[in-house]
Amino acid sequence: MSWFDDICDTVSSGLDIAGELTSGAFEIAKDAGEWAWEHREEIGEAIEIGKAIIDWIPDDTFDN
């Protein structure tokens, strides 16, 4: 095998790995999106609670 064949094999392997990682990342993102959609009401409530807590903290708390 020539050095060119070695480079082509290495690049091909790298592209295969990148494809697997991309596919895996897509599946994770899809699952996260489905979970978020199923729990959108609870997420909305948590956001409102977070906003209320932020509003309750005095404005100068983190000035130092």
Side-chain angles (χ1 to χ4, degrees):
M1 226 152 102
S2 72
W3 62 269
F4 183 75
D5 292 333
D6 289 342
I7 291 173
C8 288
D9 287 345
T10 301
V11 169
S12 178
S13 294
L15 290 173
D16 289 342
I17 292 169
E20 290 175 23
L21 291 172
T22 301
S23 176
F26 174 78
E27 288 300 318
I28 291 169
K30 186 177 123 193
D31 291 345
E34 289 172 358
W35 182 92
W37 181 254
E38 292 170 3
H39 296 87
R40 64 190 176 278
E41 290 180 20
E42 294 95 334
I43 292 169
E45 291 171 7
I47 290 170
E48 292 304 315
I49 290 169
K51 287 178 181 178
I53 291 170
I54 290 170
D55 289 343
W56 177 75
I57 297 171
D59 290 337
D60 63 348
T61 299
F62 301 106
D63 286 349
N64 293 330

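- Atom OG1 of residue T22 and atom CD1 of residue I17 lie 11.5 Å apart, to the nearest 0.5 angstrom.
- The distance from the CG atom of D16 to the CG atom of L21 is 11.0 Å, given to the nearest 0.5 Å.
- Rounded to the nearest 0.5 angstrom, L15 CG and T10 OG1 are separated by 11.0 Å.
- Within 6.0 Å of CD in E27 there are more than 12 heavy atoms belonging to other residues, nucleotides or ligands.
- D31 CG: more than 12 foreign heavy atoms inside a 6.0 Å radius.
- A donor-acceptor pair under 3.5 Å is absent between the side-chain atoms of S12 and the main chain of C8, judged by distance alone.
- S23 contributes no side-chain N or O that, together with a main-chain N or O of G19, makes up a donor-acceptor pair within less than 3.5 Å.
- Residue pairs meeting the ring pair (Phe, Tyr, Trp, His ring centres under 6.0 Å) criterion with at least one member in residues 5-38, sequence neighbours excluded, are W35-H39.
- Hydrophobic clustering, with ILVMFWY side chains joined whenever heavy atoms are under 4.5 angstrom apart, keeps W56 apart from I47.
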